Amino acid sequence: MAAQHPIPGFPDDFVFGVAAAAYQIEGAVTEGGRGRSIWDEFCAVPGAVARGESGAVATDHYHRYREDVALMRDLGVDAYRLSVSWPRIRPDGTGPVNAAGLDFYDRLVDELCAAGVTPAVTLFHWDLPQALQDDGGWMNRATAERLAELATVVGKRLGDRVGMWMPLNEPVVHTLYGHALGVHAPGLALGFGALQAAHHQLLGHGLSVQALRSAGCGNIGIASNHAPVHPATDGPADIEAADVYDHIVNWTFADPVLLGKYPADELAALLTGPVDDDLATIAQPLDWYGVNYYEPTVIAAPGDGAGTVGVLEVDLPPGLPFAPVPLQGYPTTDFGWPIVPDGLREILTLFRDRFGSALPPVYITESGCSFHDPDPDADGRVRDTRRIDYHADHLAAVRAAMDAGVDVRGYFVWSILDNFEWAAGYRERFGLVHVDYDTLDRTPKDSYRWFQAMLTARRTDRNGDTRLPGS
Ligand code: FCB
């Protein structure tokens with residue numbers, strides 16, 4: 001195992017957590033009255049997901065959640081960021097609540113509290129009920145109201161024990177991959193037309209914040225994917241293209257939430273509906289803002305070469321005003337993502353500069369890396385030294401941002417377990433705990449032991465106090 005770094009100077013009340021999402025870990029997609037989700041449908045499309053894989057079984061967390069919570073307890077984390085499966089709770093998205101589905105999360109939340117791990121709940125982590133998709137999904141404004149109804153149901157049932165709430169996970173990725181490019185569920189390739197789905201998700205966020213507060217819930221934020229965008233060269237055309245891309249992927253999603261406006265009139269002009277009124281709803285005061293960070297992006301002016309975007313290296317349609325190019329000169333994860341810890345410091349300081357006093361405290365709601373870890377060695381160990389280095393370096397970047405005046409309150413590792421990595425399937429392993437997909441056995445990796453050594457010592461010093469409500 002690599003040397004044990006101390007947690008580099010984080011305050012006592014800094015929250016260390018782990019994260020996962022319902023479709024990626026639960027399995028049991030036909031059990032307990034769960035309805036179909038857009039990911040069940042998408043996985044059934046030939047060629048949509050690597051090797052034809054799906055979340056039908058995943059890590060079987062639905063049946064093994066007690067074992068998984070025990071792993072979190074033994075790890076010593078303060079909090080666990082889970083998502084509720086909308087089709088498990090409201091199978092067709094609009095009709096009656098499925099008591100068995102809500103009961104599952106009630107048991108899970110109780111188990112977490114008994115383990116001293118604060119539940120942090122995401123309402124929508126991309127698994128929309130298929131019945132709502134059949135009515136237009138996020139292209140239909142009514143879906144925003146349906147999300148707020150889910151917020152009321154879940155908030156009333158779990159609000160007495162949940163310590164953090166976030167209605168949305170990464171609306172930018174769900175918009176770009178799911179609605180603009182068609183490489184995630186629901187598989188729509190609408191190009192810029194997808195902005196309407198972004199707007200409705202953001203509206204759903206605002207309505208859900210209101211609904212959660214009405215249900216008596218507090219400590220509400222959002223988990224949004226952000227990263228610095230760099231121009232490929234100092235040339236004005238590349239700088240202009242990078243600026244356009246930055247506005248689309250970062251500020252279209254942050255400005256409405258934090259400032260109540262879109263970053264450019266040209267973007268707002270593409271939307272239909274009472275946009276100004278909606279922006280007032282979207283800009284609900286938040287208790288915190290969550291940043292999911294993986295890698296910076298490099299953008300050039302459009303050329304005649306094939307552009308690809310992000311982690312899936314998706315071919316982009318012609319005619320776009322920007323062209324993503326690979327970031328050279330950095331080590332990569334086994335997923336091919338460049339490892340740039342300083343990009344996390346950079347995006348946090350960009351937020352500080354852009355939003356000033358409009359920025360509430362920040363949590364890193366996801367940070368993690370996929371390495372193709374082998375099965376456990378004969379001695380039962382998974383020697384994932386590179387994952388230890390990854391998190392040590394990203395924590396140091398968070399510390400540097402805090403030293404630069406950004407009020408960061410916590411860091412959630414993506415992910416507690418290896419799991420179903422969407423269109424890339426099971427080959428990409430992000431977990432602190434290895435999952436054998438034949439036996440579903442869990443084996444803590446060396447990275448788990450590394451966090452455990454730091455966190456259990458810290459928790460002992462604090463007498464087990466997690467400093468968050470809910471546990
Ligand atoms: C994020 C998603 C999360 C996981 C990580 C690797 O974009 O929110 O579900 O897939 O990437």
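All of these numbers come straight from a predicted model, not from anything done at the bench. Every heavy atom of this structure was used, including side-chain atoms; hydrogens, water molecules and symmetry mates were not. Atoms within a ligand are numbered from 1 in the order they appear, just like the ligands themselves.
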* **salt bridge (charged side-chain N to carboxylate O under 4.0 Å, His left out) between Asp68 and Arg64, worked out** => CA-CA 6 Å; Asp68 295 336; Arg64 294 165 197 254; over 6 Å; no
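Closest protein heavy atom to atom 5 (C) of ligand 1: Tyr294 OH, 3.3 Å. Regarding atom 10 (O) of ligand 1, its nearest protein heavy-atom neighbour is Glu421 OE1, 2.7 Å. Here the protein heavy atom with the shortest distance to atom 7 (O) of ligand 1 is Glu170 OE1, 2.4 Å. Closest to atom 2 (C) of ligand 1 among all protein heavy atoms lies Glu366 OE1, 3.4 Å.
Between Phe430 and Trp337, the gap from one ring centroid to the other is short of 6.0 Å. Aromatic ring centres of Trp126 and His184 lie closer together than 6.0 Å.
Note that CZ of Arg387 is 5.0 Å distant from SG of Cys369, once rounded to the nearest 0.5 Å.
Gln452 places none of its side-chain heavy atoms less than 4.5 Å from the side chain of Leu432.
Other residues, nucleotides and ligands contribute at most 12 non-hydrogen atoms within 6.0 Å of the CZ atom of Arg427.
Considering backbone and side-chain atoms together, His125 places an N or O closer than 3.5 Å to an N or O of ligand 1.
Taking the six-membered ring for Trp and thresholds of 30 and 60 degrees, Tyr245 and Phe322 have ring planes more than 60 degrees apart, a perpendicular arrangement.
Heavy-atom proximity to Trp422, at under 4.0 Å, picks out these atoms of ligand 1: 3 (C), 4 (C), 9 (O), 10 (O). Of all atoms in ligand 1, numbered sequentially from 1 with element shown, those under 4.0 Å from a heavy atom of Asn169 are 8 (O). Within ligand 1, counting atoms from 1 as listed, the ones closer than 4.0 Å to a heavy atom of Phe430 are 6 (C).
Using a non-hydrogen distance threshold of 4.0 Å, Glu428 does not register as a contact of ligand 1.
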